[in-house]
Visitor: 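What follows is a structure written as structure tokens; I'll ask about it next.
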Number of protein chains: 2
Amino acid sequence: MQAHRANGLPVTIQRRVVFEAVMEREDHPTADQIYEAVREQAPQISRMTVYRILGNLVTLGLLAKTSHPSSVARFDPKTRQHHHLVCLNCGGIIDLEEERLNKIAWPDVRSFGFEIEDYHINFRGRCAACRQAVKKSKKTRK
Amino acid sequence: MQAHRANGLPVTIQRRVVFEAVMEREDHPTADQIYEAVREQAPQISRMTVYRILGNLVTLGLLAKTSHPSSVARFDPKTRQHHHLVCLNCGGIIDLEEERLNKIAWPDVRSFGFEIEDYHINFRGRCAACRQAVKKSKKTRK
DNA sequence: TTGTATGCAAAAGGTTTGCAATGAT
DNA sequence: ATCATTGCAAACCTTTTGCATACAA
């Protein structure tokens, strides 16, 4: 909220509620999931407002859109550098913080004229739940 | 096309054309961009067919959906491990192949029950064109 | 009081689905 | 001849936009 005041933006109930809802979550929710979560505290809130506020928070740099092969936007309140475990089966995202992974030497991309700001690593594979499901279905199939 | 035959799937004109169009591109096109490109060779093709064929190719493992913060699916015909430069301004993606980046030791994720298959790194920053544009607008502003 | 945020409605992508007709094997 | 694929239309889901009203400063 300080961030809003710092930018001269009014602090509304909706902004407060959306902000708190998204910041406390670690499961990289979609805009719609935030909407559903927030309706408990602010039943009159509209879906559009949630989309707009999330967009604002991204612009202010308090929130990041995660890269994900699916076509729905997912939001991540963690601003410091970290990495992701992405499940190829269910699409779930798990945060991964490991100092060693933050220390990779940047490649030389001068030939592209590209200027690197930061990076993150996506490790792809199968999460615990999906591995269980596969095991079970194999058993049943026999 | 061998992949289609190997899976017992008919080889249609549409499949051939879409397959060839997407495989020869390095710019990570969207489904719609493929549709436009393909219409030159097969004007009667429908957009839905292109979507369906691209989906099939992903399922067959011949094509990958790239992770991207925007909400449109982009396709990448490169199957071997590689990494990406993602422009934060225009959303453009540049392929990056550097052996060193393929040799990062996988983190220990046994505590999550997660099984890693592979990984890729997204370097985020500004591409050459967007850096030029920023420079120019700064000049003009003064 | 002033100006921005909100809510509503409606539209705009991008993508998926159901079904009859077409086409590959 | 058989069965999957295609094309069409329409639906669907997520997200964006325009404008009058409500609200924070």
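Each chain gets a letter, A, B and so on, in the order the sequences are listed, and its residues count up from 1. Computed from a prediction, not measured in an experiment: that's the story for all the values here.
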Visitor: Atom CE of Met48(A) and atom P of dT17(D): how far apart are they, to the nearest Å?
Guide: 13 Å
Visitor: Please find the pair of heavy atoms, one from Met23(A) and one from Leu63(A), that lie closest to each other, and give the distance.
Guide: CE-CD1, 4.0 Å
Visitor: In whole Å, what is the span from the CG atom of Asp32(A) to the C1' atom of dT16(D)?
Guide: 15 Å
Visitor: Starting at CG of Leu54(A) and ending at P of dA5(C), how long is that distance when rounded to a whole Å?
Guide: 15 Å
Visitor: What is the distance, rounded to the nearest whole Å, between atom CD1 of Ile53(B) and atom P of dA24(C)?
Guide: 13 Å
Visitor: Salt-bridge test for Lys78(B) and Asp76(B): reply yes if a basic N is under 4.0 Å from a carboxylate O, no otherwise.
Guide: no
Visitor: Atom CG of Asn122(A) and atom CD1 of Ile93(A): how far apart are they, to the nearest 0.5 Å?
Guide: 8.0 Å
Visitor: Nearest-Å distance, CD (Gln44(B)) to P (dT6(D))?
Guide: 11 Å
Visitor: Can you tell which of dT25(C), dT6(D), dA24(D) lies closest to the side chain of Thr12(A)?
Guide: dA24(D)
Visitor: Show your working on side chain to side chain contact (heavy atoms under 4.5 Å, CB included) between Leu57(B) and Arg15(B) and close with a plain yes or no.
Guide: CA-CA 10 Å; Leu57(B) 292 173; Arg15(B) 271 216 259 255; over 6 Å; no
Visitor: Want to settle it: does Val72(B) or Pro10(B) sit nearer the 5' end of DNA chain C, counting the closest nucleotide to each?
Guide: Val72(B)
Visitor: Name the one of Trp106(A), Phe112(A), Tyr119(A) that satisfies ring pair (Phe, Tyr, Trp, His ring centres under 6.0 Å) with Phe123(B)?
Guide: Tyr119(A)
Visitor: Give the rounded distance in Å between these two atoms: CZ of Arg5(A) and C1' of dA25(D).
Guide: 11 Å
Visitor: Let me know the distance between CD1 of Ile45(A) and P of dC8(C), rounded to the nearest Å.
Guide: 11 Å
Visitor: Assuming nearest nucleotide by heavy-atom distance, tell me which of Leu9(A) and Ile13(B) is located more 5' along DNA chain C.
Guide: Leu9(A)
Visitor: Just to confirm, is there a sub-4.0 Å distance from OP1 or OP2 of dT6(D) to any side-chain nitrogen or oxygen of Ser46(B)?
Guide: no
Visitor: Taking for each residue the nucleotide of DNA chain D with the nearest heavy atom, is it Arg47(A) or Arg52(A) whose nucleotide lies nearer the 5' end?
Guide: Arg47(A)
Visitor: Side chain of Arg15(A) only, please: which of dC8(D), dA25(D), dA5(C) is the nearest?
Guide: dA5(C)
Visitor: Starting the side chain at C-beta, find the nucleotide from dT15(C), dC19(C), dG7(C) nearest to Tyr51(B).
Guide: dT15(C)
Visitor: If I take atom CD in residue Gln14(A) and atom P in nucleotide dT4(C), what distance separates them, rounded to the nearest angstrom?
Guide: 17 Å
